[in-house]
Amino acid sequence: MGDIHIDDFYKDAGKILVQLYRSFPRKNLLLVEDISGPDTPDEYGLHSERHQSCFGAAIWLAESGYLSYGETIRQEGMDQVILTHKAFTLLSSTATTLITDIDPQLPASVLETQQTNIHQLREALRSGDSQQIRRTMHNLFLQSQDH
């Protein structure tokens with residue numbers, strides 16, 4: 001049996017990176033609900049484990065140098081969030097492992113775009129395949145060690 005919490009981490013981290021890449025270089029408000037879905041705190045105001053795990057993924061990305069932020073908004077999200085240089089160059093770089101079939105008949109500019117890490121990550125997330133998302137994120141993290 002797989003570690004579902006790790007699959008959720010990879011999916012959350014991937015969604016966060018894609019969202020921030022989409023608006024780079026503007027700073028953004030990152031809300032946990034936008035990544036992991038709606039959450040209803042319990043009678044004591046505590047969020048679900050799923051919500052807390054998603055928030056934890058965002059904090060981990062910051063502590064690991066993939067994003068920076070101005071402040072947290074309780075456990076609801078982060079304000080003034082932006083990709084770091086490390087994350088931007090990693091996502092813009094050519095993927096070390098391609099997970100989609102690429103048509104060599106496409107124009108060179110399209111081929112180049114489809115071979116980037118951000119394209120591969122978007123495709124993995126779009127597929128919804130946990131193993132593909134895990135492989136893609138794992139490869140990203142390994143590739144970032146080389147930078």
Side-chain angles (χ1 to χ4, degrees), residues 1-100 102 109-147:
M1 182 167 157
D3 293 317
I4 293 173
H5 67 286
I6 299 299
D7 290 339
D8 286 341
F9 164 76
Y10 282 135
K11 185 176 180 181
D12 293 342
K15 284 182 173 183
I16 291 166
L17 292 172
V18 166
Q19 181 177 324
L20 294 175
Y21 188 88
R22 188 177 305 123
S23 61
F24 188 82
R26 288 179 289 118
K27 292 182 178 182
N28 284 297
L29 174 64
L30 177 71
L31 296 174
V32 174
E33 270 193 4
D34 292 343
I35 305 301
S36 66
D39 183 57
T40 306
D42 65 15
E43 64 270 14
Y44 303 106
L46 299 175
H47 289 284
S48 68
E49 280 187 34
R50 179 72 189 92
H51 183 96
Q52 291 177 38
S53 293
C54 182
F55 184 72
I59 295 293
W60 185 88
L61 286 170
E63 290 175 350
S64 298
Y66 294 99
L67 62 87
S68 65
Y69 64 97
E71 63 186 1
T72 59
I73 305 166
R74 297 177 305 279
Q75 286 191 337
E76 308 301 319
M78 301 170 150
D79 195 20
Q80 300 296 305
V81 187
I82 190 168
L83 292 175
T84 60
H85 177 267
K86 170 184 173 175
F88 177 72
T89 56
L90 175 66
L91 293 171
S92 302
S93 298
T94 301
T96 56
T97 305
L98 299 177
I99 56 174
T100 58
I102 296 178
S109 61
V110 174
L111 286 172
E112 187 175 318
T113 299
Q114 287 187 355
Q115 293 175 5
T116 60
N117 284 319
I118 189 64
H119 179 78
Q120 297 296 308
L121 179 54
R122 286 178 179 144
E123 288 298 308
L125 290 169
R126 194 173 297 121
S127 78
D129 181 337
S130 294
Q131 289 183 337
Q132 185 175 348
I133 295 167
R134 178 188 286 245
R135 275 193 310 272
T136 303
M137 290 301 296
H138 187 75
N139 287 335
L140 274 175
F141 292 145
L142 287 175
Q143 191 175 346
S144 74
Q145 291 177 341
D146 297 336
H147 284 88

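Bear in mind the structure is a predicted one, so any value in this text is a computation, not a measurement.
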With no hydrogens and no angle check, is any side-chain donor or acceptor of [X] less than 3.5 Å from a backbone partner on [Y]?
X	Y	answer
N28	L30	no
S92	T89	no
K15	L125	no
S64	L61	no
D129	Q131	yes

Between [atom1] of [X] and [atom2] of [Y], what distance do you get to the nearest 0.5 Å?
X	Y	atom1	atom2	value
C54	I16	SG	CD1	5.0 Å
R26	F24	CZ	CZ	11.5 Å
N117	M137	CG	CE	10.0 Å
L17	R22	CG	CZ	11.5 Å
Q120	T94	CD	OG1	10.0 Å
I118	S93	CD1	OG	11.5 Å

Close side-chain approach of [X] and [Y], heavy atoms under 4.5 Å:
X	Y	answer
L90	F141	no
I73	L29	yes
S53	H5	no

Inspect the contact between R50 and D39 and indicate whether a charged nitrogen and a carboxylate oxygen are less than 4.0 angstrom apart. no
Let me see the working for D7 and I133 under side-chain contact (heavy atoms from CB on, under 4.5 Å), right down to the final yes or no. CA-CA 8 Å; D7 290 339; I133 295 167; over 6 Å; no
Aromatic rings H138 and Y10: how do their planes relate, parallel, tilted or perpendicular, breaks at 30° and 60°?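 Taking Y10 first and then H138, their aromatic rings stand perpendicular (interplane angle over 60°).
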Give me the ring orientation class for W60 and F9: parallel if the planes are under 30° apart, tilted from 30 to 60°, perpendicular past 60°. perpendicular
Partner of L20 under side chain to side chain contact (heavy atoms under 4.5 Å, CB included), chosen from T84, V81, L91, I82: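 Exactly one candidate clears the test, V81.
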For [X] versus [Y], what's the shortest heavy-atom pair and its separation?
X	Y	result
Q143	A95	OE1-CA, 4.2 Å
T136	A124	OG1-CB, 3.5 Å
F55	G77	CE1-O, 3.6 Å
S36	D12	CB-OD1, 4.4 Å
G65	K86	O-CD, 3.5 Å

More than 12 foreign heavy atoms under 6.0 Å from CD of E49: is that the case here?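 Counting neighbours around CD of E49, 12 or fewer heavy atoms of other residues, nucleotides or ligands fall under 6.0 Å, so no.
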Side chain to side chain donor-acceptor pair (under 3.5 Å) with H47: which of Q75, E33, E76, Q52?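 The single option meeting the side chain to side chain donor-acceptor pair (under 3.5 Å) with H47 is E76.
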Side chains of Q19 and D34: donor-acceptor distance under 3.5 Å anywhere? no
